[in-house]
Number of protein chains: 2
Amino acid sequence: MRIGELSRRTGVPVPTIKYYVREGLLPPGELSSPNQARYDETHERRLRLIRALLDVGGLKVAAIAEVLQAVDDPARPVHKVLGAAADRLGPQHDTDDEELSEALVTVRELIERRGWRVHADNPAAADLAHALAALDRLGHGTFTELLDTYAEAAEQVARADLDYVDRRVAVEDLVENVVIGTVLGEAVLSALRRLAHVDRSARRFGKREGNASADA
Amino acid sequence: MRIGELSRRTGVPVPTIKYYVREGLLPPGELSSPNQARYDETHERRLRLIRALLDVGGLKVAAIAEVLQAVDDPARPVHKVLGAAADRLGPQHDTDDEELSEALVTVRELIERRGWRVHADNPAAADLAHALAALDRLGHGTFTELLDTYAEAAEQVARADLDYVDRRVAVEDLVENVVIGTVLGEAVLSALRRLAHVDRSARRFGKREGNASADA
DNA sequence: GGATAGCGGATAGCGCCACTATCCGTATGG
DNA sequence: CCATACGGATAGTGGCGCTATCCGCTATCC
């Protein structure tokens with residue numbers, strides 16, 4: 001197919017597709033003439049993935065480029081690719097420090113307590129430390145009481161995720177599945193958590209329903 | 001204190017503080033002269049909250065303004081404020097539709113199945129539907145198999161959150177606590193989920209550790 | 001009381017980012 | 001054969017979170 005049909009099928013404007021190609025998110029079409037290119041279903045699939053990572057996952061274009069580069073690299077060992085990909089999924093805080101070393105200790109303790117096979121310099125650990133440090137600064141140092149409950153829930157979800165990937169291991173590209181699961185699963189879990197909050201708030205404070213849409 | 005000290009204490013540059021005041025995130029200082037203003041600890045606290053919502057929560061400035069406006073409004077019924085605040089915490093997708101009505105059915109079923117007291121037009125439900133629709137478009141319609149596991153985990157966390165808020169109910173502003181818990185708790189949970197992923201991947205694929213930092 | 005630093009307030013500009021518009025010369029296809 | 005779409009390149013746009021500059025005033029130190 002040509003770029004117009006690719007655009008029609010995915011809803012992504014033609015100039016935007018060209019932009020993604022320029023940025024290395026999408027491989028260029030195969031040239032049949034010096035200025036004619038053909039695209040296929042792999043492009044369509046990749047394009048949908050890009051949009052999902054952008055719109056639902058909230059990743060930046062540059063981060064998506066790096067993740068997809070790792071996905072496409074056929075030479076890397078699996079767990080390395082998974083790590084490299086996952087590392088790009090969090091927020092992009094500059095590696096500052098200040099007094100978050102305290103939070104890092106808390107994180108290390110948690111990792112050890114749960115027996116997680118994770119090195120403490122993992123970006124996710126840094127993200128966690130940042131969040132805990134922010135909570136502490138806001139007078140919520142006691143939030144750490146909830147950490148084990150949170151960790152339990154996270155383990156539950158992670159187990160389900162990995163089982164899911166296992167079940168589909170023959171279906172498509174493994175790494176791509178993991179990326180999708182990690183990013184979109186996060187969106188799903190966040191939304192569910194907010195729904196559950198509304199439910200429990202409704203039971204505690206509210207009347208019949210917890211709905212309270214905008215009316216500024 | 002004056003603006004310079006406020007800046008020094010929080011690490012936020014003076015022009016940025018002025019900008020926040022202009023945008024309505026931070027109340028102006030109390031004028032002691034036509035062009036001298038005083039700030040106090042409430043400003044400092046508010047400023048830290050703003051930075052946390054921005055840096056850790058990833059909220060946009062405009063969204064923070066709306067949330068804080070709801071927090072400060074003394075006239076609203078509690079559950080309304082909570083709802084209005086929570087509604088601003090998700091992504092800002094334009095209310096398009098397409099074929100996500102299917103996903104909305106799935107969401108409605110889930111809400112009913114779990115007995116959640118949530119109206120289905122809650123923004124969080126829309127977010128969830130968006131994520132599910134994106135998964136479906138990527139060939140992951142079967143992800144819905146995991147929904148109940150995810151929901152279970154979400155309930156667990158939500159229960160812990162509400163208990164936590166209950167325990168602190170006398171400490172500070174209730175609504176502010178809920179906002180903090182919702183936003184920063186999400187960051188904590190996401191990071192923990194990624195850590196748990198790394199752990200399980202390490203057990204399944206890897207060697208001793210699941211670390212795989214950047215080396216592009 | 002005079003110098004110097006900081007202040008409040010306003011306006012304009014910057015840097016990044018995700019596109020989007022335009023142009024040109026070349027195929028495609030009815 | 002010729003309108004239409006295409007590939008490729010370059011420049012521009014709009015939004016956002018600040019940041020720089022300027023003005024006249026005030027607090028503070030000696």
Side-chain angles (χ1 to χ4, degrees), chain A residues 1-40 43-44 47-68 88 91-94 96, chain B residues 1-40 43 46-68 88 91-94 96:
Chain A
M1 88 191 82
R2 303 197 305 182
I3 203 173
E5 188 177 351
L6 184 59
S7 168
R8 241 170 286 116
R9 286 200 195 184
T10 58
V12 179
V14 170
T16 303
I17 296 176
K18 291 182 177 182
Y19 165 67
Y20 290 157
V21 173
R22 278 201 305 279
E23 296 299 313
L25 303 198
L26 190 65
E30 196 182 350
L31 289 178
S32 59
S33 312
N35 61 348
Q36 273 321 277
R38 298 277 144 178
Y39 301 85
D40 57 25
H43 291 96
E44 186 179 338
L47 199 42
R48 284 192 217 282
L49 175 58
I50 292 168
R51 293 315 292 233
L53 295 182
L54 262 181
D55 298 341
V56 182
L59 295 201
K60 295 207 257 186
V61 165
I64 295 177
E66 294 181 45
V67 170
L68 294 182
R88 305 291 166 185
Q92 312 282 343
H93 47 66
D94 31 337
D96 57 344
Chain B
M1 91 189 79
R2 305 197 303 182
I3 203 172
E5 189 176 350
L6 184 59
S7 168
R8 241 170 286 117
R9 286 201 195 185
T10 59
V12 179
V14 170
T16 304
I17 296 176
K18 291 182 177 181
Y19 164 67
Y20 291 158
V21 173
R22 280 201 304 281
E23 296 300 314
L25 302 199
L26 191 66
E30 197 182 349
L31 289 177
S32 60
S33 311
N35 61 350
Q36 274 320 277
R38 298 277 143 180
Y39 301 85
D40 57 24
H43 292 97
R46 170 60 56 96
L47 198 42
R48 285 191 216 282
L49 175 57
I50 292 168
R51 293 317 290 235
L53 296 183
L54 262 181
D55 298 341
V56 182
L59 295 201
K60 295 205 254 185
V61 165
I64 295 176
E66 294 181 46
V67 170
L68 294 182
R88 304 292 165 187
Q92 310 283 341
H93 48 66
D94 32 337
D96 57 344

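Below, read A as the first sequence line, B as the second, and so on, with proteins coming before strands; counting in each chain starts at 1.
Nucleotide D:dC29 is matched to C:dG2 when pairs are restricted to Watson-Crick or G-U wobble geometry with both distances under 3.5 angstrom.
Of the N and O atoms on the side chains of A:Y20 and A:R51, at least one donor lies less than 3.5 Å from an acceptor on the other residue.
Below the 3.5 angstrom threshold, one finds no donor paired with an acceptor across the side chain of B:R38 and the base of D:dT26.
One finds no salt bridge joining A:E30 and A:R38 here, because no Lys/Arg side-chain nitrogen approaches an Asp/Glu carboxylate oxygen to under 4.0 Å.
Between B:P15 and B:Q36, the residue anchored nearer the 5' end of DNA chain D, judged by the nucleotide with its closest heavy atom, is B:P15. Toward the 5' end of DNA chain C, the nearer of the two residues A:K60 and B:P28, judged by each one's closest nucleotide, is B:P28.
For B:V61, whose side chain is taken as the heavy atoms from C-beta onward, the closest listed nucleotide among C:dT11, C:dC19, D:dG17 is D:dG17. Minimum atom distance to the side chain of A:I3 is reached by D:dG7, of the listed C:dT20, C:dG9, D:dG7. For B:P34, the listed nucleotide lying nearest its side chain is D:dT26; candidates were C:dT20, D:dC18, D:dT26. Candidate nucleotides C:dG9, C:dA27, D:dA27 were compared by shortest atom distance to the side chain of B:S33, and D:dA27 ranks first. With distances taken from any side-chain atom of A:Y20 to the nucleotides C:dC19, D:dG7, D:dA27, the minimum falls on C:dC19.
Here C:dG8 presents its P atom at 12 Å from CG of B:L26, a figure rounded to the nearest Å. Rounding to whole angstrom units, OH of residue A:Y19 and P of D:dG8 are separated by 18 Å. When the P atom of C:dA18 is taken as reference, atom CD1 of A:I50 falls 12 Å away, rounded to whole Å. As a whole-Å value, the separation of A:I17 CD1 from C:dA18 C1' is 15 Å. We find that OH of B:Y39 is positioned 10 Å from C1' of C:dG9, with the value rounded to whole Å. Protein atom NZ of B:K18 is 20 Å distant from nucleotide atom P of D:dG17, rounded to whole Å. As a whole-Å value, the separation of A:I64 CD1 from C:dA18 C1' is 11 Å. Taking atom CG on B:L25 and atom P on D:dC16, their separation rounds to 13 Å, with Å as the unit.
A donor-acceptor contact shorter than 3.5 Å is absent between the side chain of A:S32 and the backbone of A:A37. Judged by distance alone, the side chain of A:T16 and the main-chain N or O of A:V12 form no donor-acceptor pair under 3.5 Å.
Between C:dA27 and A:N35, a contact under 4.0 Å exists linking OP1 or OP2 to a side-chain N or O. Phosphate contact (OP1/OP2 of D:dT19, side-chain N/O of B:T16, threshold under 4.0 Å): present.
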Derivation of the side-chain contact (heavy atoms from CB on, under 4.5 Å) call for A:R2 and A:E5: CA-CA 6 Å; A:R2 303 197 305 182; A:E5 188 177 351; 5.8 Å; no

